[in-house]
Amino acid sequence: MLWFVVGALCTVPFAAASTHSHNRFHERSSASIQSSLNPSTSGLNEVKWLESRAQARKLVAQLNATEKASMVTGALTGVCIEYIPPVEKIGFGGLCIQDGPAAIRVADLASVFPAGVTVAATWDREMMYDRGTAMGDEFKGKGAHVALGPVAGPLGRTPYGGRNWEGFSPDPYLTGVAMDRTIRAVQNAGVQANAKHLIGYEQETQRKPVTANGVTVEAVSANIDDRTVHELYLWPFADAVHAGVTSVTCAYNRVNSTSACENKHIMTDLLKNELGFDGWVVSDFFASFSGLEAANAGLDMNQPGPVSVADMTDTLWGANLVRAIANGSLTETRLDDMVTRILTPYLYLGQDSKDFPTPDPSGQPLFLENFQLLKPGTPTPVGRDVRGNHSAVIRSIGAAGTVLLKNTNNTLPLKAVSNIGVFGNSAPDVTSGLYYPDFGFEIGTVVIGGGSGSGRNTVIVSPLDAIKDRARSTGSTVQYITNNTALTSGLPNVYPFPDICLVFLSGWANEGQDRVSLETDYNGTAVVESVAKICPKKTVVITHSAGPNSMPWATNEDVVGILAAHYPGEQSGNSIVDILYGDVNPSGKLPYTIAYNESDYGTSILNLTGALAEDSSAWQSNFTEGQFIDYRHFDANDITPLYEFGYGLSYTTFELTSDISASKTVSSSVSPYPAAANSSLALGGNPNLWKTLITASSSVRNTGSVSGSAVVQLYVSLPQSGVPEGTPIRVLRGFEKVPLEAGEEKTVSFSLARRDVSYWDVVAQDWKIPSGEIELSLGFSSRDLKTKSSVQLL
């Protein structure tokens, strides 16, 4: 969804963050670490859910067709991005639906959290949950019933995707875990989570229909085969449903030539029937392009309701659904199902309670009320402050999601440095207001991307300010130039030459457009080269970016340190200072692959020009690479990456001190296919797919001199002789972040469910375990695998 917002923000003094980020190390100090997809935190209570569904059906029986239609048709009035009006006679207070995946966007006095890609880079289930809890608290505090997030689509088929940063990783397993943890946390806070965007939404270019020369050109069609859908793009949505997500957003694009929001196969056959989704499907903003077709295909809510901005009184649904029931083109049973799906989570989460906060009125002047710019003199009420102590969580995650890629001669952490140089356009405070424009800006630190996944900052701690604060406490001098144009012309005003040069580069991305290059913005490469000339073998580069960047300077011997800090949220400066000075030992790992050359990725954005751009039939994005995206592509084609998936350095060292030990959890052979489902509420698909079949364990030791956290990663290789063509060489199927004191050793254990060791059989239309030896590899990245074992299940 894309919505442009303007308005003033109230600034408040920044309260110092707590020591939460430093104390987290001690939270899991047991000698054994158990990894599992199913977190210990509660998910959906099946009994309570079924009771809520029964109650919802009783309430629906009291409604007439007009009232039912109003509950599935959005409105553009009120203080929320999307809105469903109340129906007082059944005690339904309406639904306030708000963006987004990293912040409650249309709000003041709310936090801007690290982006999804940053959270994925932590490889930390607890932090994923902590972020979701804090976000859920803020959404509820602002009176939002539904938070539009987290994001599993785009998954990240190509690194050029403009919204990849809103999601987590191009690996479906890592994204699935992050979806699971986020959803459970948000909903345990009393707010409905929303998994988006279903499905194949992998580019911004031509994502929606456009009119060119009087001709409507349809949205790009993501053409994906059945197996790739199941094993790649649908995988994290299964995790979302399994976690109990209450709503799902369908995407703008077409899938196999049918609009996602009127695609029965996607919404009904796959999501509701196969995955057992019992909540409601909502269109992305103005993503429903038909009336009855969408309703009959499985769409449960049309947002925002009107056909277009030009005609706010016309709607595809509303009264049209009432007429459709009267003429028999829509059954009342289908409409009842739509309303029941919407009411059930509302009741389940207690959102019908009088104690649930009302929508914060400060949201209204912060977006385009009736699509008019906010005018001077418009009343701007101060909203409720919902931030609490969330700055500590944000600071912790920002540091943990920073990946140390290079550290020659242990340059970091910074020790005795009396003269610090700070350079680059992502170092200083923002220059164009606290809310980022969708086109970005030249000078100012980047803490989040643009569009509906962005956030309205109340405060930003810039790296330059945080470094200057730290330098004052140590008596160090800080010299800085943050204008990239000036930097590429030389550094004549730097004297004396610094002991260390910190270069902060930016890579902007936002909804509505794809990246055209993976280079950092505003001549980032030239900036690095210019700084390195006056700072030989003392230059450290920090990137604030949406994901992979090309790094032609990575092999420059004068660049001794590289940190990928992603989009760290409002505490950006504090997070990076914690890493630079060693207050926090870096433990982040890449949730994607960084290539030597952009062409190494193998996938790109479909972008047509000229006559082809005006031909709907030409907008066909064929996913012929199947499952071979990111590291799977690099492995299959034997391409050496610059920095591989799962890679990241530390200020200490780790080793696996025992071979991987793997065993079956069943005494006899298992069936290739799962037994039939035996549950009335099979969230995430057949419950037998989620049962553990294999356990594995090893031991890991901190062999260095300082405490830190190892991220142990488990990869599965299915026997190539027993699987169809197109099977990846290896896929991630487990990970665990293990905190270790210097010299400490712990056992780490993994559980593999049936789904983890199966492939999608397109003929049987079911998950199948292959015959032969299933290989398990354990290590510290996708290319740094230390020990292997194998198990045969059939």
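Throughout, numbering of the chain's residues begins at 1 and tracks the sequence.
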Parallel, tilted or perpendicular: which one describes the rings of Tyr173 and Phe735, with boundaries at 30° and 60°? perpendicular
Any donor-acceptor N or O pair under 3.5 Å, side chains Arg227, Thr727: yes
Candidate list Val791, Leu776, Ile694, test side-chain contact (heavy atoms from CB on, under 4.5 Å), partner Val716, passing option: Leu776
Less than 4.5 Å apart, side chain to side chain, heavy atoms only: is that true for Leu405 and Met551? yes
Indicate the atoms forming the closest heavy-atom contact of Thr122 with Ile397, along with that distance. CG2-O, 3.9 Å
Reported CG-to-NZ distance for the pair Asn556 and Lys406, which is rounded to 0.5 angstrom: 6.5 Å
Are the ring centres of Tyr233 and Phe623 closer than 6.0 Å? yes
Minimum heavy-atom separation for Ile183 to Ala243, with atom names? CG2-CB, 4.1 Å
For the atom pair CH2 (Trp553) and OG1 (Thr520), what is the distance rounded to the nearest 0.5 Å? 6.5 Å
Heavy-atom pair with the smallest gap, counting every atom of Leu44 and Gly244: CD1-O, 3.9 Å
Tyr673 and Asp761: side-chain donor and acceptor closer than 3.5 Å? yes
Would you mind reporting whether Leu785 and Arg730 have side-chain heavy atoms less than 4.5 Å apart? yes
Can you check side chain to side chain contact (heavy atoms under 4.5 Å, CB included) on Leu752 and Thr695, steps first, answer last? CA-CA 6 Å; Leu752 293 172; Thr695 58; over 6 Å; no
Decide side chain to side chain contact (heavy atoms under 4.5 Å, CB included) for Val119 and Met127; before the verdict, give the C-alpha distance in whole Å, the side-chain angles of both, and the deciding distance to 0.1 Å. CA-CA 7 Å; Val119 181; Met127 284 190 166; 5.7 Å; no
Evaluate the side-chain proximity of Val712 to Phe750: yes if any heavy-atom separation is below 4.5 Å, no if none is. yes
Tell me, do Asp124 and Tyr129 make a side-chain contact under 4.5 Å, heavy atoms counted? no
Going by heavy atoms in the side chains, are Phe634 and Asp600 under 4.5 Å from each other? yes
Does some side-chain heavy atom of Ile224 sit less than 4.5 Å from a side-chain heavy atom of Leu232? no
Looking at every heavy atom in both Ala565 and Ile576, which two are closest together, and how far apart are they? CB-CD1, 4.3 Å
Residues two or more places apart in sequence or in another chain: which of them pass salt bridge (Lys or Arg N to Asp or Glu O under 4.0 Å) with Glu655? Arg701
Straight-line distance of Leu794 CG to Glu773 CD, nearest 0.5 Å: 10.5 Å
What distance do Glu736 atom CD and Leu714 atom CG have between them, rounded to the nearest 0.5 Å? 11.5 Å
How close do Asn164 and Pro154 get, counting heavy atoms only, and between which atoms? OD1-CB, 3.6 Å
Within the 4.5 Å heavy-atom criterion, are Thr402 and Leu404 side-chain neighbours or not? no
Please work out which of the three classes, parallel, tilted or perpendicular, describes the rings of Phe645 and Tyr631, given edges at 30° and 60°. parallel
If you draw the axis of the six-membered ring of Trp235, does the NZ or CZ of Arg733 fall within 45° of it and under 6.0 Å from the ring centre? yes
With rounding to the nearest 0.5 Å, note down the distance linking OG in Ser658 to CG in Leu778. 8.5 Å
Worked check of side chain to side chain contact (heavy atoms under 4.5 Å, CB included) between Trp760 and Leu234: CA-CA 12 Å; Trp760 180 254; Leu234 191 66; over 6 Å; no
Say whether Thr703 and Thr653, considering side chains only, have a donor N or O and an acceptor N or O under 3.5 Å apart. yes
Is there a salt bridge (charged side-chain N to carboxylate O under 4.0 Å, His left out) between Asp784 and Lys786 once you walk through the steps? CA-CA 6 Å; Asp784 184 18; Lys786 305 296 189 182; 2.8 Å; yes
If the plane angle is over 60° it's perpendicular, under 30° parallel, otherwise tilted; pick one for Tyr643 and Tyr647. parallel
Please round to the nearest 0.5 Å and tell me the distance separating atom CG of Asp239 and atom CG of Leu683. 12.5 Å
Looking only at the side chains, is there a donor atom on one of Ser169 and Thr175 sitting less than 3.5 Å from an acceptor on the other? no
Within the distance-only criterion (no hydrogens, no angle test), does the side chain of Lys589 pair as donor or acceptor with the backbone N or O of Ser587 below 3.5 angstrom? no
Just do the side chain to side chain contact (heavy atoms under 4.5 Å, CB included) check on Leu793 and Ile774 with the steps written out, would you? CA-CA 8 Å; Leu793 291 170; Ile774 297 171; 4.0 Å; yes
Sequence neighbours left out, what passes side chain to side chain donor-acceptor pair (under 3.5 Å) with Arg157? Give chain and number order. Ser621, Glu625
In terms of heavy-atom contacts, Pro728 and Gln720 come closest through O-NE2, 3.5 Å
Does some side-chain heavy atom of Gln627 sit less than 4.5 Å from a side-chain heavy atom of Pro172? no
